[in-house]
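See structure below.
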Amino acid sequence: MKKITILYIAGILLGSMSSCTKDFEEINTNPNVVDKPNPNYIFSKAQLDGLNNNYFFTNILECGGMIQHYATYKEASGVGDKYLSNEVYFSAYFNQLYPTALNETEIVINALKANPNDSNKLNIARIWKAYLYHKATDLYGDIPYSDAAKAITSQVFLPKYDTQEFIYKDLLKELDEAAIALDPAKPSFGKADFIYDGDVAKWKKFSYSLMLRLGLRLSKVDPALSKTWVTKAIAGGVILNGSDNAIMDYTDGPNDFNKNPVGFDARRQDFTAGSYGQKNVEGGKLSKTFIDLLKNTADPRISVYSGVWQGTTQNTSLAIQKGFPNGTKTAPTATEQGTYSEPNQSTVFKYDAPLVLLSNAETNLYLAEAAARGWYTNETDKDLYEKGVKASFLNMGIYGAAYAITDATAYLTLNPYNVAGSFEAKMNQIHTQIYVALFVDEEEVYANWRRTGYPVLVPVNFPGNVTNGTIPRRLKYSTSEYSVNSANLAEAVKRQGEDSFTTRMWWDKQ
C-alpha cells in the first residue's frame, strides 16, 4: 500500500510538472523587466546622465580651480586650486560615465542599427557618443573606447585602452559619417531629444561644430590634419546663429535630475541655502584672476556671471565684485568671506537655467583662429572675433531676456582686436574670449587652455602640491581601474606615460 501511495504521489508531481512546464516561461518572466529597450527613453536618459556627471567635483573643483575660474581656501576641496591629489575627485567622472551615459548610448545604438528607417536616431546617437567620449579623453588621455560598453553584446568585461590618437581620429570620422547620413525625410527622436527636439538640421550643424572643436584640438600635435578637419567642418556648416545653439533646458524639479547640474550640484555641496556667501561648505568663490580680468576690461558679462552677497541677495554691479586668490589656505572670517564674488544664483546657478553645450560664440571665435591661421578666408579674423563677442553677449539672454547684452560697441572699442598684432597676440585675444564666453563649461575651457596656453595663467605653488607648482595637464586614472582592469591600464600607462597630473596627452604634446 505504501509503495502504491508513493507511486501515486510521484505521478501527481510528474503531472503537475508537465502542466507547469507549459506556462514556465510566462510564470518566470519578470513583468517589471523590459525585453526590448525603448531607444527614445534611453536616449533621453543618456543626455541627462552625460551632463549630470559629477559637475561639482570635475568642473568646479578640478578643472575650474586649475584654470582659475574658481578658488577656495580649503585644502581637501582645493585639488584644482592648489594642484593636490584626491582620489574622490579625480576618479569621479571616469567612474560614473561608463556605467551610465556611455552604456546607455551604446544600448540605443545597438537597438537602432538594424532598422534603416531609424537612421536619424542612430546617427544622432553616434554624434552624442562622440560628444561624451571627447569629454572623457580630454580629461584622461588614453581611455577604453573601442571595447567599452560591450559587456552585454560581446562579453568584454575588461576593455582595452585605446590611444587618444586613435580615439580622436575615429571620433572625427564618426562625426563626419553621422552628419552626412542625417536625412530630414526620415523620423527622429522628437521630444525624447532634450537638446534639439530631434531637429536633424540642427544636429548636423552640431556635428560639424563639434568637428571644428576637435579639429582645432589637433593644431599643436598635427597642424596638417587639424587644417583638414577644420576646413571640412566649415564646409559642412557650423552653428552661426543663436537659434541653432546646442542647449539643454532644465526645470526646477520635481526631481533633482530635472535641475541644471551647474547650479544643483554646486549649491548642494558648497554654496548651500542660508550660506549667503559666509558659510560655504567648501569655501568656494570665483577667483581673483577671473574677476580681475572681467573688471579690467569693463566686461558687462560680470553682472550675469557673478554677485556678492549683501544680506540675502546678491549685488551684481561690476564695482563691488572681488575675486578670491588662488593657492591660499588662509581662512577668511565669515564676514570677510561674504565680500567675495560667487556665481550668480539668478542666472548660471539657477536650478532651471539652460546649459549651453556648444554655441555660435564658440564657433565664431574658432573661425577667427582659423582665419588667423589662413585656413579660412571668407571673413577676416577681426570680423569673426567681433561676431564671437557679440554672440556671447546676446547669449546671456538664455537666463532671461533682461540679461541679453544687445550692444557690444563700448566693450569692443575699449578692447579692440589687435589686427596688426602677431599670431600669438591674436591667439591670446581669441582664447581669452573663449575663457570668458564658455564659463561654466570648465572642462572645455581647461582643454582649450592646454592646447593654446591662453589666457596666460600664473601657477600657484602651494606646499605639498603634486605638480611641482605647474598647472596639471590631465586627471589621473580612476583608482578602481588598478584593481579591476589592471593589465589594460598598465599597458596604457606604459604607452602614454606616468599616470600623473603632469603627463601630457597626445594632442597636448609640445
Side-chain angles (χ1 to χ4, degrees), residues 46 49-50 52-59 61-63 66 76-77 79-80 83-107 109-110 129-171 174 221 443 446-447 450 464-468 470-509:
D49 286 343
N52 186 23
N53 184 356
N54 290 282
Y55 183 88
F56 181 65
F57 288 174
T58 308
N59 270 273
L61 295 189
E62 290 285 8
C63 300
M66 289 186 284
S77 53
V79 285
Y83 321 148
L84 304 176
S85 179
N86 187 316
E87 193 273 339
V88 172
Y89 302 130
F90 67 70
S91 293
Y93 192 92
F94 187 100
N95 287 344
Q96 184 168 313
L97 183 66
Y98 281 93
T100 60
L102 284 177
N103 188 53
E104 290 154 359
T105 304
E106 198 70 30
I107 290 172
I109 290 172
N110 289 331
K129 178 180 175 180
Y131 177 83
L132 295 174
Y133 271 110
H134 104 275
K135 288 283 190 181
T137 188
D138 284 351
L139 287 172
Y140 298 98
D142 294 5
I143 56 171
Y145 176 68
S146 59
D147 273 358
K150 287 183 170 53
I152 296 176
T153 58
S154 306
Q155 287 73 57
V156 177
F157 302 108
L158 300 175
K160 68 178 180 180
Y161 282 60
D162 288 300
T163 67
Q164 187 176 65
E165 179 178 5
F166 172 83
I167 295 168
Y168 250 77
K169 290 177 179 179
D170 197 64
L171 293 180
E174 284 288 292
V221 68
E443 295 169 20
Y446 176 48
R450 283 175 287 160
N465 77 83
V466 296
T467 66
N468 197 29
T470 61
I471 298 175
R473 309 304 296 194
R474 61 183 288 273
L475 299 187
K476 290 171 61 178
Y477 290 121
S478 169
T479 302
S480 64
E481 282 288 280
Y482 279 93
S483 57
V484 176
N485 197 14
S486 56
N488 287 313
L489 176 57
E491 182 63 29
V493 172
K494 179 181 178 182
R495 181 178 60 228
Q496 179 171 260
E498 180 185 0
D499 184 18
S500 73
F501 293 101
T502 55
T503 295
R504 291 176 180 253
M505 55 188 63
W506 172 69
W507 57 251
D508 190 30
K509 299 292 185 185

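Values reported hereafter were calculated over all heavy atoms of this structure, with side chains retained and with hydrogens, waters and symmetry mates removed.
Atom OH of residue Y93 and atom CG of residue N53 lie 5.0 Å apart, to the nearest 0.5 angstrom.
A side-chain donor-acceptor contact under 3.5 Å links R495 to the backbone of Y161. Judged purely by atom type and a 3.5 angstrom limit, D162 has no side-chain atom pairing as donor or acceptor with the backbone of P144. Distance alone, capped at 3.5 Å, places no donor-acceptor pair between the E106 side chain and the A149 backbone.
Residues A76 and V79 approach most closely at O-CG1, 3.8 Å, considering heavy atoms.
The closest side-chain donor-acceptor pair between E87 and S91 falls under 3.5 angstrom. A side-chain donor-acceptor contact under 3.5 Å links Y168 and D138. A donor-acceptor pair shorter than 3.5 Å cannot be found between the side chains of E481 and Y140.
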(request) Go through the steps for Y477 and V493 under the test side chain to side chain contact (heavy atoms under 4.5 Å, CB included), then give the verdict. (result) CA-CA 9 Å; Y477 290 121; V493 172; 4.1 Å; yes
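Taking the six-membered ring for Trp and the full ring otherwise, the centers of F501 and Y83 sit at least 6.0 Å from each other.
Salt bridge status for R450 with D508: absent, with no side-chain N to carboxylate O gap under 4.0 Å. A salt bridge links R474 with D499: at least one charged nitrogen is closer than 4.0 Å to a carboxylate oxygen.
Exactly one residue among Y446, F90, F57, F56 makes a side-chain contact (heavy atoms from CB on, under 4.5 Å) with E62. That residue is F90.
Under the 4.5 Å side-chain criterion, counting only non-hydrogen atoms from C-beta, R473 is not in contact with M505.
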